[in-house]
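Down below is the structure, laid out as structure tokens.
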Amino acid sequence: MLYSRLLLPTLKENPAEAEAVSHRLLLRAGMIRKLASGIYNYLPLGLRVLRKVENIVREEMNRAGAQEVLLPAVQPAELWQESGRWQVYGKELLRFKDRHGRDSCFGPTHEEVITDLVRREVHSYRQLPLNLYQIQVKFRDEIRPRFGLIRGREFLMKDGYSFHVDEADSETCYGEMYRAYSRAFQRCGLNFKVVEADSGPIGGSFSHEFMVLADTGEDSLASCAACDYAANLEKAEVAPPQGNPAPAPGAAPEAVATPEVRTVEEVAAFLKVSPREVVKTLIYETEAGPVAVLLRGDHEVNEVKVKNLLGVTELILAGPARIQELTGAEVGFAGPVGLNLPLYADQAVMALAAMVTGANRDGYHLIQVHPQRDLVLTQVADLRLVTAQDPCPRCGGALEILRGIEVGHIFKLGRKYSQALKATFLDAAGQEQYLYMGCYGIGVSRIVAAAIEQGHDADGIIWPLALAPFQVGLIPIALTDAATREATFRLHDELEAAGLEVLLDDRDERPGVKFKDYDLMGLPLRVVIGPKTLAKGQAEVRHRRSRETVMVGLDHLVSYLKDQISKELHG
RNA sequence: CGGGGUGUGGCGCAGCCUGGUAGCGCAUCGGCUUUGGGAGCCGAGGGUCGGAGGUUCAAAUCCUCUCACCCCGACCA
């Protein structure tokens, strides 16, 4: 490919709109351009990378026995009404009417459509299992699109759905997808971690996310240094407290004046106690009514755990007026003693012998509160976020808290959609049964950004070979030199004939400009040819990642490059 | 949606506070010279200062409204 024929507008300066590294470099390297918030054009270079990811994912899905389909992006409201999600999906679902006034939406995901297809076409256990996937543009009207391709509104996704006669078979498929995903992300050259994830309201006993490790990631995860336990922070368990969980009660609770002392830090400092002895009382509104959650002052609530324990989908911290109404006191003085609300305590609270709580009275706190003697608890559970100070819940080893970008998510759907949409089959006994389903997603365009978050330096992108838009960049030092020109074009043709992807910079630019652009684009191998190298019958090959250069004789340059590429692609 | 910020040639910015003929760097076009890490000189083109309304003799600058975008929080591939 000749540079002069490509639409490849590189930028010297960082666009003001881009903050994230991948966003900046995608723009600067001329791979994407923004059309609207969270909506991007892919230019030729960006599309080449996107296609590479897509093909790796496709190959691994096919290898795992899945079949590719293509479902419509525009979907009728009826299906969503049938599944019940037309009401619950929220504003991320882009809705509109067609010319006849029929409610429609742009598909953010395809459970409804695929289940509809399968219920029409599959009637017998003999047709099962079935694993279908597609690679398609999705639209989710995100609250806040950001970081370029990492969270766009329109994005390319691989979504797959499997159908089974029973739960055991769906779990077999889950395992196959787990392995296929791992292979795909490995081939993409990503440093990733598989973590246990919250399976959410859909239910199911387990779910996994595939996280590309990057400090700029939007997700946090806990990972054990000693064993293979790793979980999304919102899922990560806290090991039950060790030692004596029920210390003997001491003196009776006593109210003390704490004027204008509200936060945990202020209370701890005022009463000269450790923040861990100050218990905070969080008042939440849920669709099932208000509740109170107790946590040690030095701990952070995990709202996902609270939601799951309560079985609610709505969990919002109560506002000042509502707190006043429920506790009789201002924010900062709520406490569990005598509070007429369902009371849920984090397990760590139970290990305290004497704690400080709000007194439900402005300007007062209670001291010497004993959890078992003084509180009427609805339930005690693990309700907080783990920290790097907590031991691993599996092996007791040290936990690390890392940041990651979610590029894949697999979970079991069970019979949620098959029941809602009445997707059934006849089993061997002639009985009508609901299908068991699994669901598997990969953020294809997000992988492009994640690979850059993981592979870059001050000069630009460093692509893994498998994703690079071109494998080799070819730079002539002086195209005005006839010998150089002739040798460069001949080499370009030879490389292409050998099946290598090569970009020849035939622009009338000075070498420095080309070097900068190639570092920015991040092609793995760069070949420089000029009068000086030609005089020795050689070319200079530079590895983008290591920055090492070697002189290679022109007569075996093609085989040298082929070797380098196959070495990196196949280990 | 709440909080913070930015809109001035294609890109990055100054000018705004204190109203008075719209500027700089890069990019673009033409010419000459250059050619191993974002070249030099000469010349040229390109902007209703996000939009609307208002104040004023006069608005990029002051006021009101509005739109777009970015960053921090609640959603997810």
Side-chain angles (χ1 to χ4, degrees), chain A residues 9-20 23-24 27-28 30 33-39 53 57 89-93 108-110 135-160 181 185 197-198 200 207 209-212 217-219 232 234 303-304 307 313-317 319 404-411 439-450 459-460 475-481 484 507-520 526 528-533 539-540 542 547 549:
Chain A
T10 58
L11 305 173
K12 281 189 192 176
E13 291 175 282
N14 281 322
E17 69 183 44
E19 194 70 21
H23 190 193
R24 283 207 308 261
L27 289 165
R28 285 193 54 202
R33 287 293 184 261
K34 186 177 68 184
L35 179 62
S37 177
I39 300 179
V53 177
V57 169
Y89 203 92
K91 291 183 180 169
E92 280 75 38
L93 181 62
T109 178
H110 283 67
I135 297 173
Q136 188 213 32
V137 169
K138 296 281 187 282
F139 192 93
R140 295 182 189 173
D141 202 355
E142 295 282 348
I143 304 167
R144 180 148 98 86
R146 59 182 139 179
F147 305 147
L149 296 187
I150 290 180
R151 178 171 301 282
R153 292 194 294 165
E154 186 175 302
F155 59 99
L156 192 65
M157 180 175 176
K158 190 288 297 183
D159 51 324
Y181 273 38
F185 297 134
D198 182 52
S207 172
E209 288 169 342
F210 294 74
M211 296 280 197
V212 168
E218 288 186 287
D219 288 283
N232 191 310
E234 65 184 26
E303 295 189 346
V304 171
K307 276 187 193 177
T313 55
E314 201 169 291
L315 188 75
I316 301 164
L317 271 176
I405 301 165
E406 183 189 350
V407 293
H409 195 171
I410 57 178
F411 45 100
C439 168
Y440 321 95
I442 290 180
V444 175
S445 45
R446 182 180 277 181
I447 286 176
V448 174
D459 292 318
I475 298 184
I477 288 302
L479 275 173
T480 46
D481 177 65
T484 302
R507 293 177 297 172
D508 179 23
E509 289 286 357
R510 299 164 64 84
V513 173
K514 299 183 181 183
F515 294 151
K516 288 288 185 189
D517 274 341
Y518 276 68
D519 285 348
L520 180 61
R526 187 187 76 188
V528 177
I529 296 182
K532 287 178 204 163
T533 72
E540 176 200 278
R542 182 176 188 262
R547 294 166 173 267
T549 60

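In what follows, chains are A, B, ... by sequence order, proteins preceding strands, each numbered from 1. Please read all numbers here as calculations on a predicted model, not as lab measurements.
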Using the C1' atom as the point on both nucleotides, what is the distance between C62(B) and C57(B), in whole Å? 16 Å
What is the nucleic acid contact for Glu303(A), judged by heavy atoms within less than 4.0 Å: base, sugar-phosphate only, or nothing? nothing
Side chains of Asp508(A) and Leu479(A), heavy atoms from C-beta outward: is any pair under 4.5 Å? no
For A68(B), which nucleotide in any strand shown is its Watson-Crick or wobble partner with both distances under 3.5 Å? U6(B)
Which part of the nucleic acid, if any, lies within reach of Arg28(A) when heavy atoms closer than 4.0 Å are counted: base, sugar-phosphate only, or nothing? base
P gap between G9(B) and A74(B), integer Å: 35 Å
Which part of the nucleic acid, if any, lies within reach of Pro108(A) when heavy atoms closer than 4.0 Å are counted: base, sugar-phosphate only, or nothing? nothing
What's the gap between A44(B) and G23(B) when it is taken at their P atoms, as a whole Å value? 14 Å
Both Pro511(A) and Arg144(A) contact RNA chain B. Which one's nearest nucleotide lies toward the 5' end? Pro511(A)
Could you check whether Asp517(A) gets within reach of a base, just the sugar-phosphate, or nothing at all, counting any heavy atom under 4.0 Å? base
U55(B) - base-pair partner by Watson-Crick or wobble geometry, distances under 3.5 Å: none
Roughly how many Å apart are G19(B) and C75(B), using the P atom of each and rounding to a whole number? 48 Å
What does U18(B) pair with, Watson-Crick or G-U, if both distances are under 3.5 Å? none
Can you confirm whether Glu92(A) sits close enough to Arg153(A) that some side-chain heavy atom of one is under 4.5 Å from a side-chain heavy atom of the other? no
With nearest nucleotides of RNA chain B determined for Phe155(A) and Arg542(A) from heavy-atom distances, which residue corresponds to the more 5′ nucleotide? Arg542(A)
Would you call Glu19(A) and Arg146(A) a side-chain contact if the rule is heavy atoms closer than 4.5 Å? no
What distance, rounded to whole Å, do you find between the two C1' atoms, one in U64(B) and one in U21(B)? 28 Å
Mind checking if Thr549(A) touches a base, just sugar-phosphate, or nothing, with heavy atoms under 4.0 Å? nothing
What does Tyr518(A) touch in the nucleic acid at a heavy-atom separation under 4.0 angstrom: a base, only the sugar-phosphate, or nothing? nothing
How far, in whole Å, is G31(B) from U66(B) if one measures between their C1' atoms? 48 Å
Interatomic distance at C1', C49(B) relative to U34(B), whole Å: 38 Å
Base, sugar-phosphate, or nothing: which does Lys91(A) touch, judged by heavy atoms less than 4.0 Å apart? nothing
Does the side chain of Tyr518(A) come within less than 4.5 Å of Arg542(A)'s, by heavy atoms? no
Within the structure shown, what part of the strands sits under 4.0 Å from Gly530(A) by heavy-atom distance: base, sugar-phosphate, or nothing? nothing
Test item: Asp159(A) and Lys138(A) side chains (from C-beta on) under 4.5 Å apart, heavy atoms: yes
Under 4.0 Å between any heavy atoms, over every strand shown, what does Gly160(A) touch: base, sugar-phosphate, or nothing? Just pick one. nothing
Base, sugar-phosphate alone, or nothing: which one does Val444(A) contact when heavy atoms must sit under 4.0 Å apart? nothing
Between Asp459(A) and Arg547(A) (salt bridge meaning N to carboxylate O under 4.0 Å), is one present in this structure? yes
Taking the side chain as everything from C-beta on, heavy atoms only, tell me whether Pro476(A) gets closer than 4.5 Å to Lys514(A). yes
According to the interplanar angle, ranging from 0 to 90°, do the rings of Tyr440(A) and Tyr181(A) count as parallel (below 30°), tilted (30 to 60°) or perpendicular (above 60°)? perpendicular
Name the nucleic acid region contacted by Asn14(A), choosing base, sugar-phosphate or nothing; use a 4.0 angstrom heavy-atom cut-off, strictly under. sugar-phosphate
Kindly indicate whether the side chain of Glu13(A), heavy atoms from C-beta on, has any atom under 4.5 Å from the side chain of Arg28(A). no
Can you tell me the pairing partner of G25(B) across any strand shown, Watson-Crick or G-U wobble, with both distances under 3.5 angstrom? C11(B)
Which part of the nucleic acid does Glu92(A) contact within heavy-atom distance under 4.0 Å: base, sugar-phosphate only, or nothing? sugar-phosphate
Using the C1' atom as the reference point in each nucleotide, state the distance between C11(B) and A27(B) in Å, no decimals. 7 Å
Across the strands shown, which category fits Val513(A) at heavy-atom distances under 4.0 angstrom: base, sugar-phosphate, nothing? base
Counter-base of A74(B), judged by Watson-Crick or G-U geometry with both distances under 3.5 Å: none
Could you tell me the boundaries of the chain A footprint on RNA chain B, defined by atoms under 4.0 Å from its heavy atoms? C11(B) to A77(B)
